[in-house]
Chemist: 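This is the structure, below, for whatever I ask next.
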Amino acid sequence: MTHEQHESDERVRLDKWLWAARFYKTRALAADAIDGGKVDVNGGRAKRAKMVQVGDEVSVRQTPFEHVVRVRGVSERRGPASVAATLYEETAESKAKRDALVTQIRSMPADDWERGRPTKRDRREIERFRRR
């Protein structure tokens, strides 16, 4: 059996794969996301010990984005970002949705929270708005 065949037969835990593919900074964060229902495998909710293999479709929701990727490789070790990028391939629909959302977010006016507390005039406008 060649090395490439051996890798295609391999399976790895979902939380380890998400960590190795650099979707999450730690395995604990990956496990929390899985337990919180933010990660699906092949269209169904998964547990952290779910074994993923090449060809599986993984959906990862990281506010406000959703990544839908196809597993291209498995790894139990976290390596450089260039290696992590080879572990998955994002679907075209997912990429298009993300790009559209980025454009929409950039077009929104920025919140101006640096001004501090609302002034008396601002508070009166807020009260007028709430009474409507």
Side-chain angles (χ1 to χ4, degrees):
M1 185 182 310
T2 66
H3 183 65
E4 288 177 7
Q5 288 174 335
H6 181 67
E7 281 192 18
S8 66
D9 294 337
E10 280 189 26
R11 295 165 35 153
V12 68
R13 286 175 56 111
L14 178 60
D15 59 344
K16 282 187 180 182
W17 186 84
L18 289 169
W19 169 71
R22 292 182 171 257
F23 281 101
Y24 295 98
K25 206 168 195 172
T26 65
R27 272 187 65 194
L29 289 174
D32 289 344
I34 295 166
D35 293 342
K38 292 178 173 51
V39 179
D40 298 331
V41 176
N42 295 327
R45 192 165 173 181
K47 294 187 177 182
R48 60 176 88 172
K50 168 84 173 150
M51 302 301 273
V52 293
Q53 59 190 2
V54 175
D56 285 347
E57 186 174 276
V58 179
S59 173
V60 181
R61 287 179 293 285
Q62 293 177 319
T63 306
F65 304 109
E66 180 174 4
H67 304 273
V68 179
V69 298
R70 183 140 330 255
V71 177
R72 290 301 204 196
V74 293
S75 176
E76 288 191 357
R77 295 189 316 148
R78 186 176 171 105
S82 58
V83 173
T86 64
L87 296 179
Y88 61 90
E89 177 185 8
E90 188 169 11
T91 62
E93 301 87 33
S94 172
K95 203 174 287 190
K97 281 183 184 178
R98 245 183 345 102
D99 290 342
L101 188 58
V102 165
T103 304
Q104 182 182 4
I105 290 171
R106 284 189 180 151
S107 68
M108 295 173 70
D111 289 335
D112 192 17
W113 295 106
E114 287 107 30
R115 294 187 316 161
R117 292 177 49 174
T119 63
K120 190 172 189 175
R121 180 180 176 195
D122 293 337
R123 284 196 305 274
R124 287 179 178 162
E125 287 178 9
I126 291 169
E127 286 301 318
R128 251 186 261 128
F129 179 74
R130 285 185 179 165
R131 278 190 238 129
R132 286 186 187 176

Chemist: Please name the pair of heavy atoms, one in R22 and one in P80, separated by the smallest distance, quoted to 0.1 Å.
Modeler: NE-C, 3.8 Å
Chemist: Indicate the atoms forming the closest heavy-atom contact of V12 with E76, along with that distance.
Modeler: CG2-CG, 3.1 Å
Chemist: Would a distance-only check, ignoring hydrogens and angles, find a side-chain to backbone donor-acceptor pair under 3.5 Å from D32 to L29?
Modeler: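 It does not hold such a pair.
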Chemist: So which atom in V41 and which in L14 form the shortest heavy-atom distance, rounded to 0.1 Å?
Modeler: CG2-CD2, 3.7 Å
Chemist: Which atom names give the shortest non-hydrogen contact between A46 and I34, and what distance separates them?
Modeler: O-CG2, 3.4 Å
Chemist: Quick check: closest heavy atoms across A20 and A84, and the distance to 0.1 Å?
Modeler: O-CB, 3.4 Å
Chemist: Specify whether W17 and Y88 have parallel, tilted or perpendicular ring planes, treating 30° as the upper limit for parallel and 60° as the lower limit for perpendicular.
Modeler: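 Ring orientation, 0 to 90° scale: perpendicular.
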Chemist: Go through the steps for V102 and F65 under the test side-chain contact (heavy atoms from CB on, under 4.5 Å), then give the verdict.
Modeler: CA-CA 9 Å; V102 165; F65 304 109; 3.6 Å; yes
Chemist: Between K97 and E93 (salt bridge meaning N to carboxylate O under 4.0 Å), is one present in this structure?
Modeler: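 No, this pair does not count.
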Chemist: Is any side-chain heavy atom of L87 closer than 4.5 Å to one of R72?
Modeler: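 Side chain of R72 against side chain of L87, heavy atoms only: no contact under 4.5 Å found.
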Chemist: Taking NZ, NE, NH1 and NH2 as the nitrogens, is one of them in R70 or E89 under 4.0 Å from a carboxylate oxygen of the other?
Modeler: no
Chemist: Could you check whether any side-chain N or O of R27 sits under 3.5 Å from a backbone N or O of L18, counting only pairs where one atom can act as donor and the other as acceptor?
Modeler: no
Chemist: Hey, is NZ on K50 packed in by over 12 heavy atoms from elsewhere, all under 6.0 Å?
Modeler: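 Result for NZ/K50: open.
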Chemist: Treating Q62 as the side-chain partner and F23 as the backbone partner, does any N or O pair qualify as donor plus acceptor under 3.5 Å?
Modeler: yes
Chemist: Closer than 4.0 angstrom, basic N to acidic O: yes or no for D40 and R61?
Modeler: yes
Chemist: I'd like to know if R130 pairs up with E127 as an ion pair, taking the criterion as any Lys NZ or Arg NE/NH1/NH2 lying under 4.0 Å from an Asp or Glu carboxylate oxygen.
Modeler: yes
Chemist: Which heavy atom of G36 sits nearest a heavy atom of R45, and at what distance?
Modeler: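 So the two residues come closest at C-NH2, 4.0 Å.
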Chemist: Is it the case that the side chains of S59 and E66 hold a donor-acceptor pair, with the cut-off being a distance below 3.5 Å and no angle test?
Modeler: yes
Chemist: Measuring from atom OG1 of T63 to atom NZ of K38, what distance do you get when rounded to the nearest 0.5 angstrom?
Modeler: 6.5 Å
Chemist: So, the side chain of D56 versus the backbone of Q53: is there a donor-acceptor pair under 3.5 Å, distance only?
Modeler: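 Such a contact is found between D56 side chain and Q53 backbone.
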Chemist: Decide whether V52 and V69 are clustered together by the hydrophobic rule: side chain heavy atoms of Ile, Leu, Val, Met, Phe, Trp, Tyr closer than 4.5 Å, transitively.
Modeler: yes
Chemist: Might you work through the side-chain contact (heavy atoms from CB on, under 4.5 Å) test for V68 and E57, ending with a clear yes or no?
Modeler: CA-CA 7 Å; V68 179; E57 186 174 276; 3.8 Å; yes
Chemist: Dump the intermediate steps for side-chain contact (heavy atoms from CB on, under 4.5 Å) on V60 and Y24, then the final yes or no.
Modeler: CA-CA 10 Å; V60 181; Y24 295 98; 3.4 Å; yes
